[in-house]
A.B. asks: 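Supplied in structure tokens, the structure appears directly below.
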Amino acid sequence: MYNSVNITKDICWVGVNDRQSRVFENLWPLDHGVAHNSYLIVDDKVALVDTAAEGQAGDFFRKVESIIGTEKEVDYLIVNHMEPDHSGLMKALLDRNPDMKIVGNKKTFGLIESFYGITSNLVEVKEGDEIQLGKHTLKFFMTPMVHWPETMVTYETHTKALFSGDAFGSFGSLDGGIFDDEVNLSFFEEEMRRYYSNIVGKYGAPVQRAINKLSSLDINYICSTHGPIWRTEPSRVISLYDKWSKQEGEEGAVIVYGTMYGNTAKMAELIAQSLSEQGIKNIKLYDSSKTHISYILRDIWKYNGLIIGSCAYNTNLFPPIEALTEKLKHVGLKNKSLGIFGTYSWSGGGVNNLQKFADEVKISPVAEPVEAKCATCDSDINGLKNLAQKMAESLKSDK
Ligand SMILES: Cc1cc2nc3c(=O)[nH]c(=O)nc-3n(C[C@H](O)[C@H](O)[C@H](O)COP(=O)(O)O)c2cc1C
Ligand SMILES: [Fe+2]
Ligand SMILES: [Fe+2]
């Protein structure tokens with residue numbers, strides 16, 4: 001079955017689900033798939049907003065043709081975003097619709113030429129420009145770095161639908177329902193935050209600029225390129241994005257550790273128990289060797305507290321913890337209460353590098369770092385309890 005779905009009378013979802021790929025961007029686990037959403041607007045002129053990935057041609061074109069047939073042409077392709085998961089079928093679409101206009105901004109066209117060798121049929125739009133399709137009018141707003149430099153969003157003034165590109169997108173395929181009121185929202189909120197923190201997280205400032213720019217729009221639908229269509233309470237997801245882009249978390253802590261033989265893990269458990277005794281209920285404890293970093297980052301984005309532990313490993317951090325700290329530096333971690341701890345047997349490498357990380361992200365740990373030699377002794381246990389107490393105090397004072 002290749003069903004498209006009506007969003008309004010004339011706007012259709014012609015997105016494609018990918019339940020086959022194991023990873024997104026050849027990197028991020030897709031345990032529950034992902035949707036590549038595309039939208040068809042049928043009026044006097046026909047417009048498509050974004051396409052899908054190259055390998056999804058079969059499903060995609062069948063859905064488009066189920067609405068407009070093979071005779072009617074697509075008049076406009078609106079290119080909100082050039083990442084190949086959305087632009088991959090541009091060339092094939094142009095081959096089928098040789099008169100189609102490709103709408104983008106100056107930065108879009110450089111990428112179109114470099115990716116696909118297309119230099120004709122291009123229509124450049126600038127901030128606030130409009131294209132009339134009939135009763136539908138498309139209005140364009142530039143939102144650079146949400147998620148690439150050429151990124152823009154398209155607002156349809158008649159239905160008040162915002163085609164937002166990757167913004168407000170989520171992992172997770174659309175397995176039946178496509179609207180927020182038809183799906184399990186708590187699942188999608190988790191997957192949306194995993195998408196945000198891993199894919200867009202570095203670009204908090206551009207997201208803030210985009211939110212401010214779009215704040216005057218009256219929005220009935222948010223149609224993202226991934227995940228459900230938000231029609232019930234679009235303002236709710238906007239406020240989630242607002243919070244995430246400012247890295248404002250909730251009361252709770254992620255404890256993540258790197259261990260070979262379990263000594264560092266025991267310290268983590270002790271911290272978790274002490275935190276619980278201090279009344280902290282949201283505690284996520286992760287072994288960095290087992291859980292993919294994308295899930296750990298998702299929860300780091302959720303909570304105000306972050307406690308990282310590492311055994312020493314060849315004078316350095318344990319490799320998955322090294323990868324995590326690099327990622328956290330890269331995304332510009334801020335607004336966290338931070339705790340650090342670890343283990344060593346001779347000259348160290350774990351805790352001193354965690355301290356270096358804390359210095360680099362300019363967050364001073366809430367308590368003295370605790371470093372156990374081989375296994376924890378009584379003074380280490382006191383240190384860990386102190387760390388937990390200071391963390392709990394810090395989390396509660398964030399309220
Ligand atoms: C492959 C390997 C490399 C290590 N490198 C160091 C090191 O550079 N400096 C150090 O002080 N200890 C080093 N150690 C010792 C461990 O950090 C130490 O035994 C620690 O307590 C292990 O913690 P765990 O039980 O959580 O794995 C190394 C151990 C192994 C197995
Ligand atoms: Fe993207
Ligand atoms: Fe995308």
Side-chain angles (χ1 to χ4, degrees), residues 15-18 21 23-28 30 33-38 49-54 56 79-89 108 111 115 143-153 163-173 191-192 194-196 198-203 206-207 210 223-227 255-271 287-290 308-322 341-354 370-377 380 384:
V16 182
N17 283 300
D18 179 357
S21 304
V23 279
F24 181 82
E25 293 180 350
N26 210 14
L27 203 57
W28 313 106
L30 288 176
V34 68
H36 298 284
N37 296 330
S38 169
V49 184
D50 295 313
T51 63
E54 197 180 0
Q56 296 172 317
V79 185
N80 279 339
H81 185 24
M82 275 301 292
E83 193 165 1
D85 56 337
H86 310 297
S87 69
L89 293 172
T108 321
L111 293 170
F115 273 118
T143 53
M145 297 322 297
V146 186
H147 153 228
W148 278 16
E150 87 303 353
T151 312
M152 62 182 198
V153 299
F163 300 97
S164 63
D166 283 343
F168 313 109
S170 165
F171 292 126
S173 54
E191 283 292 74
M192 188 176 169
R194 188 164 72 95
Y195 184 91
Y196 180 85
N198 288 276
I199 311 294
V200 192
K202 181 176 170 52
Y203 304 112
V207 169
C223 305
S224 170
T225 45
H226 304 284
I255 307 172
V256 53
Y257 57 88
T259 189
M260 290 170 283
Y261 298 109
N263 291 292
T264 316
K266 286 193 188 104
M267 297 173 83
E269 289 214 316
L270 210 142
I271 297 171
D287 184 323
S288 63
S289 293
K290 185 184 168 203
I308 311 181
S310 179
C311 60
Y313 190 84
N314 297 335
T315 73
N316 208 338
L317 293 168
F318 189 60
I321 293 292
E322 189 181 3
F341 68 99
T343 50
Y344 76 113
S345 287
W346 53 93
S347 56
V351 166
N352 64 328
N353 279 300
L354 286 176
V370 186
E371 186 167 36
K373 184 165 186 180
C374 300
T376 41
C377 63
D380 299 325
L384 293 172

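Basis for what follows: all heavy atoms, side chains included, without hydrogens, waters or symmetry-related copies. Position 1 is the first residue of the sequence; numbering continues from there. As the structure lists them, so they are numbered: ligands from 1, and atoms in each ligand from 1. Everything numeric here is computed off the predicted structure, so don't read it as measured data.
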A.B. asks: About how many Å separate CG of N37 and CZ of F163, when rounded to the nearest 0.5 Å?
C.D. replies: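 Nearest 0.5 Å value for the CZ-CG distance: 11.0 Å.
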
A.B. asks: Are any of the side-chain nitrogens in E269 or K266 under 4.0 Å away from the carboxylate oxygens of its partner?
C.D. replies: no

A.B. asks: Give the ring-plane orientation class for H36 versus F24, where under 30° counts as parallel, over 60° as perpendicular and anything between as tilted.
C.D. replies: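 Parallel: the ring planes of H36 and F24 meet at under 30°.
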
A.B. asks: State whether H86 contributes an N/O/S atom found under 2.8 Å from the Fe ion (ligand 3).
C.D. replies: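 So H86 counts as coordinating the Fe ion (ligand 3), yes.
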
A.B. asks: Of N263, T264, T259, which meets side-chain hydrogen bond (donor to acceptor under 3.5 Å, both in side chains) against T343?
C.D. replies: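 Single side-chain hydrogen bond (donor to acceptor under 3.5 Å, both in side chains) partner of T343 among N263, T264, T259: T264.
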
A.B. asks: I'd like to know: is the Fe ion (ligand 3) within the 2.8 Å range of an N/O/S atom from E83, strictly under that distance?
C.D. replies: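 Under 2.8 Å: E83 has no N, O or S contact with the Fe ion (ligand 3).
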
A.B. asks: Give a yes/no answer: is there an N/O/S atom of H226 under 2.8 Å from the Fe ion (ligand 3)?
C.D. replies: yes

A.B. asks: Looking only at protein heavy atoms, which one is nearest to atom 28 (C) of ligand 1, and what is the separation?
C.D. replies: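 Going atom by atom, the protein heavy atom closest to atom 28 (C) of ligand 1 ends up being A312 O, 3.5 Å.
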
A.B. asks: Just to be sure I'm reading this right: ignoring hydrogens, which of N352, T343, N314 gets closest to atom 3 (C) of ligand 1? Compare them by their nearest heavy atoms.
C.D. replies: N314

A.B. asks: Can you tell me the N, O or S atom of D166 that's nearest the Fe ion (ligand 3)?
C.D. replies: OD1

A.B. asks: Counting from 1, what ligand 1 atoms have a heavy atom of T315 closer than 4.0 Å?
C.D. replies: 7 (C), 8 (O)

A.B. asks: Could you list the atoms of ligand 1 found under 4.0 angstrom from a heavy atom of T259?
C.D. replies: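 Here the atoms of ligand 1 in question are 24 (P), 25 (O), 26 (O), 27 (O).
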
A.B. asks: With respect to G262, determine whether any N or O atom, backbone or side chain, lies less than 3.5 Å from an N or O atom of ligand 1.
C.D. replies: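 Yes.
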
A.B. asks: Please work out which of K266, K373, M260, M267 has its closest non-hydrogen atom nearest to atom 30 (C) of ligand 1.
C.D. replies: M260

A.B. asks: How is the N/O/S atom of D85 that comes nearest to the Fe ion (ligand 3) named?
C.D. replies: OD2

A.B. asks: Within a strict 4.5 Å, meaning less than it, do heavy atoms of the V200 and V207 side chains meet?
C.D. replies: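 Yes - at least one pair of side-chain heavy atoms lies under 4.5 Å apart.
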
A.B. asks: So do V351 and Y344 actually touch side chain to side chain, heavy atoms under 4.5 Å?
C.D. replies: no

A.B. asks: Which class fits the ring pair H86 and H81: parallel under 30°, tilted 30 to 60°, perpendicular over 60°?
C.D. replies: tilted

A.B. asks: If the Fe ion (ligand 2) is the vertex, what is the angle to NE2 of H81 and ND1 of H147, rounded to 10 degrees?
C.D. replies: 100°

A.B. asks: For ligand 1, does C374 get within less than 4.0 Å through its side chain, its backbone, both, or neither, judged by non-hydrogen atoms?
C.D. replies: backbone

A.B. asks: In terms of heavy-atom contacts, does CD of E54 have more than 12 from other residues, nucleotides or ligands at under 6.0 Å?
C.D. replies: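 Not more than 12 within 6.0 Å, no.
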
